[in-house]
**Student:** 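The structure under discussion is supplied below as structure tokens; questions concerning it will follow.
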There are 2 protein chains.
Amino acid sequence: MNILLIEDEAHVSAFIKKGLEEASFHVDVAFDGYIGKVLALQNSYDLFILDVILPQINGLELCRIFRAENLETPILMLTALGSTDDIVAGLSTGADDYLVKPFKFKELLARIDALMRRKENRVINPVFSFAGLEINDFTKEVKRNGHPIKLTPREFFLLKYFIENRGRVKTRTQIAESVWGNSYDTGSNVVDVYVNYLRNKIDKDFSPRLIHTVTGMGYIFKEGEE
Amino acid sequence: MNILLIEDEAHVSAFIKKGLEEASFHVDVAFDGYIGKVLALQNSYDLFILDVILPQINGLELCRIFRAENLETPILMLTALGSTDDIVAGLSTGADDYLVKPFKFKELLARIDALMRRKENRVINPVFSFAGLEINDFTKEVKRNGHPIKLTPREFFLLKYFIENRGRVKTRTQIAESVWGNSYDTGSNVVDVYVNYLRNKIDKDFSPRLIHTVTGMGYIFKEGEE
DNA sequence: ATTGTACAATGAATATTCTCCTGATAGAAG
DNA sequence: CTTCTATCAGGAGAATATTCATTGTACAAT
């Protein structure tokens with residue numbers, strides 16, 4: 001999930017970025033409205049978080065611009081304490097939700113969660129099980145046939161991505177975009193390397209294989225043997 | 001004591017929140033059923049207060065969901081005047097008590113009191129014991145394998161937080177938010193330092209280790225070795 | 001009131017461990 | 001044979017652990 005955060009106060013944006021990354025989102029930060037606009041139009045994000053008060057172009061104006069550009073990406077506005085007018089204005093210019101500063105981080109997460117899922121209409125169970133593979137998003141534990149497996153964060157994201165897209169062929173580009181973030185475009189073989197790591201951990205000593213190569217296309221996560 | 005209040009009417013929720021905070025509870029408010037659900041599943045509360053009529057997911061449905069997720073947290077339903085059907089339905093879906101709006105605040109307090117006491121009697125002992133670790137919330141004494149351990153107040157809170165959230169990975173942000181009460185705070189490694197203090201006192205000379213690092217994510221409190 | 005001691009809380013500095021990624025080569029597929 | 005994929009190893013860099021110095025606070029002794 002790629003999020004664009006447009007917020008000029010350095011300590012606030014650092015706080016939000018760090019927290020969201022801990023919650024396994026990719027976050028790009030823009031420190032003023034203009035840069036925010038450029039980033040938003042050049043890349044594809046799943047969510048915008050906008051401060052109302054911004055240098056260059058303010059948050060409300062940005063909302064209007066994004067909607068005028070037909071971006072349907074959900075928008076979450078951040079507004080200072082007590083400025084009810086901003087809220088009304090924000091929601092009327094196309095924002096989907098708002099949050100009053102200062103806020104508790106868990107509240108932000110809950111709202112993001114609501115926005116994303118409402119849109120995608122998909123609920124991911126924190127505990128998932130498939131062909132003897134169990135993953136628990138609370139404890140970040142992964143097991144295959146009962147054997148605990150230790151994954152690095154990157155490997156864990158990749159596995160989650162495969163699970164979310166099980167049964168569908170995914171190209172390296174698609175995988176890189178989701179798992180590494182869309183600022184990532186070097187012609188490297190990271191995806192291959194990480195698929196290899198993951199295979200060694202979750203497929204090597206077990207059957208059936210779950211990660212399959214589709215030559216010339218990419219990879220697919222499914223139960224069937226080939 | 002952490003309470004999650006799920007109530008969409010702003011004046012009602014503000015009233016309840018204020019009153020409960022004066023009675024020294026910590027209160028999170030969700031304005032619709034979906035956000036309520038997310039908050040409930042992501043954090044640990046001692047009590048839910050649910051309105052029956054809510055946007056997104058209604059109170060009865062929430063009850064059912066919480067029970068299906070094996071949350072044993074007591075549930076107090078708020079229901080509009082005279083709707084006996086709601087009451088019956090609520091209690092049958094897993095609510096522990098109900099209150100008919102409008103209500104007197106002291107009545108709410110009395111019911112909360114009763115629920116909490118019932119809960120304390122059956123689940124949370126002021127004396128908690130886990131893998132050779134004993135903590136006594138009355139005397140604030142902590143022992144590991146019978147050896148008394150002296151903790152500073154902050155260390156004690158941190159330990160309690162870990163115990164309440166045992167089995168779940170908690171990020172630094174979440175920990176800081178709950179144990180330090182910070183909003184916006186990054187430029188510090190207090191959490192790391194205190195985890196280190198705590199480890200030296202409760203884990204260093206004992207086995208199994210209880211506080212585990214999950215790189216890139218945070219910490220988890222559990223018995224398993226790694 | 002003032003000093004002094006003890007300890008708690010915190011941020012910064014340093015040390016250590018772990019993860020990520022690149023680039024090269026070997027191997028498989030078409 | 002050519003293109004695509006798998007695998008490996010090591011350095012760069014990030015994340016975490018640990019130590020250190022500073023500040024604040026409680027409280028007893030002067």
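Quantities reported herein were computed from a predicted structural model and do not represent experimental measurements. Below, chain A is the first sequence line, B the second, and so on; all start at residue 1.
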**Student:** Look at the side chain of A:Tyr197 against the base of C:dC21 and say whether a donor-acceptor pair falls under 3.5 Å; ignore hydrogens and angles.
**Tutor:** yes

**Student:** May I have the distance from A:Arg199 (atom CZ) to C:dA28 (atom C1'), rounded to whole angstrom?
**Tutor:** 12 Å

**Student:** Between B:Val214 and B:Val193, which is nearer to the 5' end of DNA chain D once each is assigned its nearest nucleotide?
**Tutor:** B:Val214

**Student:** For C:dC20 and A:Trp180 - does any side-chain N or O of the residue sit under 4.0 Å from the phosphate oxygens OP1/OP2?
**Tutor:** no

**Student:** Give a yes/no on whether any side-chain N or O of A:Arg154 is located under 4.0 angstrom from OP1 or OP2 of C:dC21.
**Tutor:** yes

**Student:** Given atom CD of A:Glu155 and atom P of C:dC18, what is their separation to the nearest angstrom?
**Tutor:** 14 Å

**Student:** Measuring to OP1 and OP2 of C:dC20, would you say a side-chain N or O of A:Thr152 lies under 4.0 angstrom away?
**Tutor:** yes

**Student:** Can you tell me the distance, in whole Å, between the CE atom of B:Met217 and the P atom of D:dA14?
**Tutor:** 18 Å

**Student:** Does B:Asn200 contact D:dT18 through a side-chain donor or acceptor facing the base, at a distance under 3.5 Å?
**Tutor:** no

**Student:** Can a side chain N or O of B:Asn189 be found less than 4.0 Å away from OP1 or OP2 on C:dG11?
**Tutor:** no

**Student:** Output the rounded distance in Å from CG (A:Leu158) to P (C:dC20).
**Tutor:** 11 Å

**Student:** With a 4.0 Å limit, can you tell me whether A:Thr213 has a side-chain N or O closer than that to the phosphate oxygens OP1/OP2 of D:dA6?
**Tutor:** yes

**Student:** Any heavy-atom pair between the side chains of A:Arg111 and A:Ile49 that's under 4.5 Å?
**Tutor:** no

**Student:** On DNA chain C, nearest-nucleotide positions of A:Thr215 versus A:Tyr194: which is more 5'?
**Tutor:** A:Tyr194

**Student:** In whole Å, what is the span from the CG atom of A:Asp192 to the P atom of C:dG23?
**Tutor:** 14 Å

**Student:** Give one of base, sugar-phosphate or nothing for A:Val195, where a contact means two heavy atoms less than 4.0 Å apart.
**Tutor:** nothing

**Student:** Mark yes or no: B:Arg168 above the aromatic ring of A:Phe138, with NZ or CZ under 6.0 Å from the six-membered ring centre and no more than 45 degrees from the axis.
**Tutor:** yes

**Student:** Think A:Tyr219 has a side-chain N or O under 4.0 angstrom from the OP1 or OP2 of D:dA6?
**Tutor:** yes

**Student:** Tell me whether the NZ or CZ atom of A:Lys101 lies within the 45° cone about the ring axis of A:Phe103 and under 6.0 Å from its centre.
**Tutor:** no

**Student:** Rounded to the nearest Å, what distance is computed from the CZ atom of residue A:Phe156 to the P atom of nucleotide D:dA15?
**Tutor:** 18 Å

**Student:** Quick one: closest heavy-atom pair of A:Glu223 and A:Pro208, and the distance?
**Tutor:** O-CB, 3.5 Å

**Student:** Please give, in whole Å, the distance from D:dC20 P to B:Asn196 CG?
**Tutor:** 12 Å

**Student:** Is a side-chain donor or acceptor of A:Glu21 paired with a backbone partner of A:Lys18 at a separation under 3.5 angstrom?
**Tutor:** no

**Student:** Can you measure A:Phe157 atom CZ to C:dC21 atom P for me and round it to whole angstrom units?
**Tutor:** 11 Å

**Student:** Determine: side-chain N/O of A:Arg172 to OP1/OP2 of D:dT5, distance under 4.0 Å, yes or no.
**Tutor:** yes

